[in-house]
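What's counted below: heavy atoms across the whole structure, side chains too, no hydrogens, waters or symmetry copies.
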Amino acid sequence: MNEEVKYIIEKLQELNPEAPILEGFNQSLIGYASFYADGESRFCAVYDFELMISELIQQGMTRTEAIEYYDFNIANTGGGFYPIFLYRE
């Protein structure tokens, strides 16, 4: 884990200890974001979608398999503090 990722994780845990960090996707963690809910600011992790797909491909999946894995096992599976996934197009 590089120093930038360590800093992001430490800062996020300080701001919101309940924010989940996805295991196995450290290289895809690009920052954290704030959002307003229930009358207060909250923080969550931000992951780069393409970097996540690249990490899954490096584990042996095809691009199609990686996207299917993401769709069924990562996206939309969390609650209020679930990460934001950034799509760059």
Side-chain angles (χ1 to χ4, degrees):
M1 178 181 327
N2 67 41
E3 291 301 313
E4 183 178 1
V5 171
K6 283 183 187 178
Y7 173 79
I8 292 168
I9 291 171
E10 288 172 5
K11 188 67 175 177
L12 182 57
Q13 289 176 337
E14 174 186 318
L15 294 167
N16 181 6
E18 297 177 41
I21 305 297
L22 302 179
E23 288 186 40
F25 292 100
N26 287 339
Q27 300 311 310
S28 304
L29 180 61
I30 59 171
Y32 57 92
S34 66
F35 62 95
Y36 194 75
D38 299 325
E40 63 183 82
S41 289
R42 299 184 183 187
F43 294 86
C44 65
V46 178
Y47 290 87
D48 183 301
F49 170 78
E50 284 300 329
L51 293 175
M52 293 182 79
I53 298 304
S54 293
E55 287 193 57
L56 291 169
I57 290 170
Q58 289 174 1
Q59 294 173 19
M61 295 183 192
T62 66
R63 181 168 178 80
T64 300
E65 291 169 337
I67 291 171
E68 287 177 4
Y69 181 88
Y70 168 85
D71 286 342
F72 291 104
N73 296 292
I74 299 171
N76 302 316
T77 58
F81 296 122
Y82 209 67
I84 292 172
F85 301 105
L86 178 67
Y87 297 85
R88 301 175 197 236
E89 297 195 23

List, one per line, each side-chain donor-acceptor pair under 3.5 Å for residues 4-11, sequence neighbours excluded.
none

Problem - Inter- and intrachain pairs under side-chain hydrogen bond (donor to acceptor under 3.5 Å, both in side chains), touching residues 31-40, at least two apart - result: Asp38-Arg42

Under 3.5 Å, which donor-acceptor pairs do the side chains of residues 54-68 form with other protein atoms, sequence neighbours left out?
{"residue": "Ser54", "atom": "OG", "partner": "Glu50", "partner atom": "O", "Å": "3.1"}
{"residue": "Glu55", "atom": "OE2", "partner": "Gln27", "partner atom": "N", "Å": "3.3"}
{"residue": "Glu55", "atom": "OE2", "partner": "Ser28", "partner atom": "N", "Å": "2.9"}
{"residue": "Glu55", "atom": "OE2", "partner": "Ser28", "partner atom": "OG", "Å": "2.5"}
{"residue": "Thr62", "atom": "OG1", "partner": "Glu65", "partner atom": "N", "Å": "3.1"}
{"residue": "Thr62", "atom": "OG1", "partner": "Glu65", "partner atom": "OE1", "Å": "3.4"}
{"residue": "Arg63", "atom": "NH1", "partner": "Glu50", "partner atom": "OE1", "Å": "3.1"}
{"residue": "Arg63", "atom": "NH2", "partner": "Glu50", "partner atom": "OE1", "Å": "3.3"}
{"residue": "Arg63", "atom": "NH2", "partner": "Glu50", "partner atom": "OE2", "Å": "3.0"}
{"residue": "Glu65", "atom": "OE1", "partner": "Thr62", "partner atom": "N", "Å": "2.8"}

Exercise for the section: Sequence neighbours left out, what passes side-chain contact (heavy atoms from CB on, under 4.5 Å) with Ile84? Give chain and number order. Expected result: Ala33, Cys44, Val46

Exercise for the section: Quick one: pull up CD1 in Ile30 and CG in Leu51 and give me the separation to the nearest 0.5 Å. Expected result: 7.5 Å

Fill in the blank from the handout: Shortest non-hydrogen pair, Pro20 vs Ala45, comes out as O-CB, 4.1 Å

Fill in the blank from the handout: Hits for side chain to side chain donor-acceptor pair (under 3.5 Å) against Tyr69, two or more places apart or cross-chain, chain-then-number order -> none

Problem - Side-chain heavy atoms of Tyr47 within contact of Ile74, under 4.5 Å - result: no

Practice task
Answer yes if Leu15 and Ile21 sit in the same cluster of Ile, Leu, Val, Met, Phe, Trp and Tyr residues linked by side chain heavy atoms under 4.5 Å apart, and no otherwise.
Solution key: yes

Problem - Set of ring-ring contact (aromatic ring centres under 6.0 Å, His included) partners for Phe49, sequence neighbours left out - result: Tyr70, Tyr87

